[in-house]
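Worth knowing before you read on, the calculation uses all heavy atoms, side chains too, and leaves out hydrogens, waters and symmetry mates.
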Amino acid sequence: MAEIFVTSKQLIETLHITGQELIDLEQFIDADPEDEWDLKLGADYRVVASSGLREYTFAGAFAVAECLEFRKQQKNNWFQKLIEKLIKAIKGDIRKTFVRQQILNNSSSLVQNNNIFFLSKMDVVSIFRTKPSYLKKISEIARQDDLTTLIQGSDYLDLPDQGIYYSLPGMMKLGQVFAKEIKRRNRKDWCGDVGFEIAPCMDDILKQIKKRSDGIDSAKQQAKKKAGSVCQVTNVKGNRVEKIPMAGHHLYSSAEYPHLVDSVDNIICVTCEVHEHFHQWMGGTQKSCTLDDFEKFVQQFHPASSVFIWLHQQRLKLGNQQPITVKERHVLHLSWPIKLLNAVK
């Protein structure tokens with residue numbers, strides 16, 4: 001996924017501070033490159049105006065929230081400290097939100113093996129905001145630590161053709177080791193929070209994927225019901241003697257147009273025979289297809305069909321659709337059940 005940025009305006013609204021307070025925090029963090037705070041241009045923020053106005057990644061926003069907590073806790077007034085404890089709890093939730101957003105936007109590799117969920121090494125690198133070489137170092141340390149020993153098969157998989165995948169329990173262990181090894185405070189806390197948040201965040205993600213898949217099934221049933229269980233291409237309909245199986249076909253394919261998968265307007269009711277013939281004509285079910293492709297198929301094989309007017313109406317409803325790229329694919333675009341890995345242990 002492309003990096004998502006939080007504007008300075010969004011950040012001050014989220015943290016309930018003023019613009020000047022944000023500037024003061026930025027100057028405090030930038031003042032000493034050797035202290036425990038670390039904001040890197042390109043990795044944690046970008047400058048979007050000649051005035052120095054910044055936009056932050058989730059990790060950068062997390063660092064600002066963490067620094068805000070730290071500075072408020074330096075005050076000595078006991079009543080102020082009591083108030084700050086309450087603020088800390090609120091800010092802690094805000095920081096967790098940044099971490100959860102990073103997990104959500106970098107989990108498109110999610111796969112299942114033996115009822116355990118795994119993420120690719122590159123997704124894990126993105127979630128921890130680290131480098132592949134440093135992740136490798138942390139993994140080696142974790143394997144030697146009695147408390148965080150990484151177990152092959154349950155904590156990670158090393159697949160000959162697909163590389164290394166880490167499970168959610170494995171990432172929890174990595175988070176503990178990252179937090180022990182890293183010196184920078186905001187980086188230490190970020191990695192610790194990733195280890196703590198990965199499991200509940202993934203539970204929420206899996207629920208949404210399941211809900212989406214249920215929505216697809218429901219949309220297909222609605223499309224068949226609207227068509228009266230009649231094939232919209234051939235007008236064939238089964239009866240109580242001859243059952244003719246029907247399929248709900250996505251005019252715009254699921255993989256490249258995931259935002260349309262549960263739209264009734266994107267589904268046409270056809271016989272399974274027509275459905276299979278179309279995908280064979282396209283070159284297989286893995287090939288991307290569009291409404292234009294389906295229209296060409298009907299013109300070639302069912303030129304007398306009355307479906308052309310309906311297809312024209314769907315084109316007007318759906319508008320000009322653009323496919324997503326591989327980089328834009330998101331974990332919430334996955335289907336349930338999650339794809340299984342053929343793991344070599």
Exercise: identify the closest heavy-atom pair between [X] and [Y]:
| X | Y | value |
| --- | --- | --- |
| Cys67 | Phe28 | SG-CD2, 3.4 Å |
| Gln222 | Val264 | OE1-CG2, 3.6 Å |
| Val331 | Ser107 | CG2-O, 3.2 Å |

Exercise for the section: Determine, step by step, whether Thr290 and Asp293 satisfy the side-chain hydrogen bond (donor to acceptor under 3.5 Å, both in side chains) criterion, reporting the C-alpha distance in whole Å, the side-chain angles of both residues, the deciding distance to 0.1 Å, and the verdict. Expected result: CA-CA 5 Å; Thr290 66; Asp293 294 321; 3.3 Å; yes

May I ask you to decide if [Y]'s main-chain N or O and [X]'s side chain share a donor-acceptor pair within less than 3.5 Å?
| X | Y | value |
| --- | --- | --- |
| Lys173 | Thr149 | yes |
| Gln314 | Asp265 | yes |
| Arg212 | His333 | yes |
| Lys188 | Ala179 | yes |

Should [X] and [Y] count as side-chain neighbours, where that means a heavy-atom distance under 4.5 Å?
| X | Y | answer |
| --- | --- | --- |
| Glu26 | Tyr45 | no |
| Asn113 | Ser167 | no |
| Asp44 | Arg129 | yes |
| Arg54 | Leu11 | no |
| Ile164 | Leu157 | no |
| Ser108 | Asp123 | yes |
| Tyr56 | Leu39 | yes |
| Leu15 | Glu21 | no |

Heavy-atom neighbours of [X] [atom1] exceed 12 at 6.0 Å:
| X | atom1 | answer |
| --- | --- | --- |
| Gln10 | CD | yes |
| His259 | NE2 | yes |
| Leu316 | CG | yes |

Exercise for the section: Go through the steps to decide whether Phe62 and Phe98 satisfy the test ring-ring contact (aromatic ring centres under 6.0 Å, His included), and finish with yes or no. Expected result: CA-CA 6 Å; Phe62 177 99; Phe98 294 138; 7.4 Å; no

Once you round to the nearest 0.5 Å, how far does [atom1] of [X] lie from [atom2] of [Y]?
| X | Y | atom1 | atom2 | answer |
| --- | --- | --- | --- | --- |
| Ser109 | Lys121 | OG | NZ | 12.0 Å |
| Leu104 | Met202 | CG | CE | 8.5 Å |
| Ser213 | Ile216 | OG | CD1 | 5.0 Å |
| Glu256 | Gln322 | CD | CD | 12.5 Å |
| Ile209 | Leu334 | CD1 | CG | 4.5 Å |

Going by distance alone, is a donor N or O of one side chain under 3.5 Å from an acceptor N or O of the other, for [X] and [Y]?
| X | Y | result |
| --- | --- | --- |
| Ser139 | Tyr166 | yes |
| Gln101 | Thr97 | no |
| Asp24 | Gln20 | yes |

Determine, using the 4.5 Å side-chain heavy-atom cutoff (strictly less than), whether [X] and [Y] are members of one ILVMFWY cluster.
| X | Y | value |
| --- | --- | --- |
| Leu25 | Leu53 | no |
| Leu311 | Phe301 | yes |
| Phe294 | Met246 | no |
| Val125 | Phe128 | yes |
| Met172 | Ile182 | yes |

Exercise for the section: State plainly whether the residues Arg315 and Glu295 are in salt-bridge range, i.e. N to O under 4.0 Å. Expected result: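 So Arg315 pairs with Glu295 through a salt bridge.
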
Problem - Lys/Arg N to Asp/Glu carboxylate O, Asp214 vs Lys210, below 4.0 Å - result: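 So Asp214 pairs with Lys210 through a salt bridge.
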
Practice task
Only counting residues at least two apart or in another chain, list the ones meeting side-chain contact (heavy atoms from CB on, under 4.5 Å) with Thr325.
Solution key: Lys327, Glu328

Exercise for the section: Would you please test Asp158 and Gln152 for side-chain contact (heavy atoms from CB on, under 4.5 Å) and show each step? Expected result: CA-CA 8 Å; Asp158 193 351; Gln152 187 164 356; 4.2 Å; yes

Angle class for the [X]/[Y] ring planes (parallel below 30°, perpendicular above 60°, tilted otherwise)?
| X | Y | result |
| --- | --- | --- |
| Phe178 | Tyr134 | tilted |
| His279 | His275 | perpendicular |
| Phe297 | His277 | perpendicular |

Handout entry: Identified ring-ring contact (aromatic ring centres under 6.0 Å, His included) partner of Phe278 from the options His249, His302, His250
Key =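 When His249, His302, His250 are each tested with Phe278, the ring-ring contact (aromatic ring centres under 6.0 Å, His included) holds only for His249.
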
Handout entry: side-chain hydrogen bond (donor to acceptor under 3.5 Å, both in side chains) involving Asn266 - partner list, sequence neighbours excluded
Key =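 Applying side-chain hydrogen bond (donor to acceptor under 3.5 Å, both in side chains) to Asn266 gives none.
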
Exercise for the section: May I have the step-by-step check of side-chain contact (heavy atoms from CB on, under 4.5 Å) for Val6 and Thr14, ending in yes or no? Expected result: CA-CA 10 Å; Val6 179; Thr14 301; 5.7 Å; no

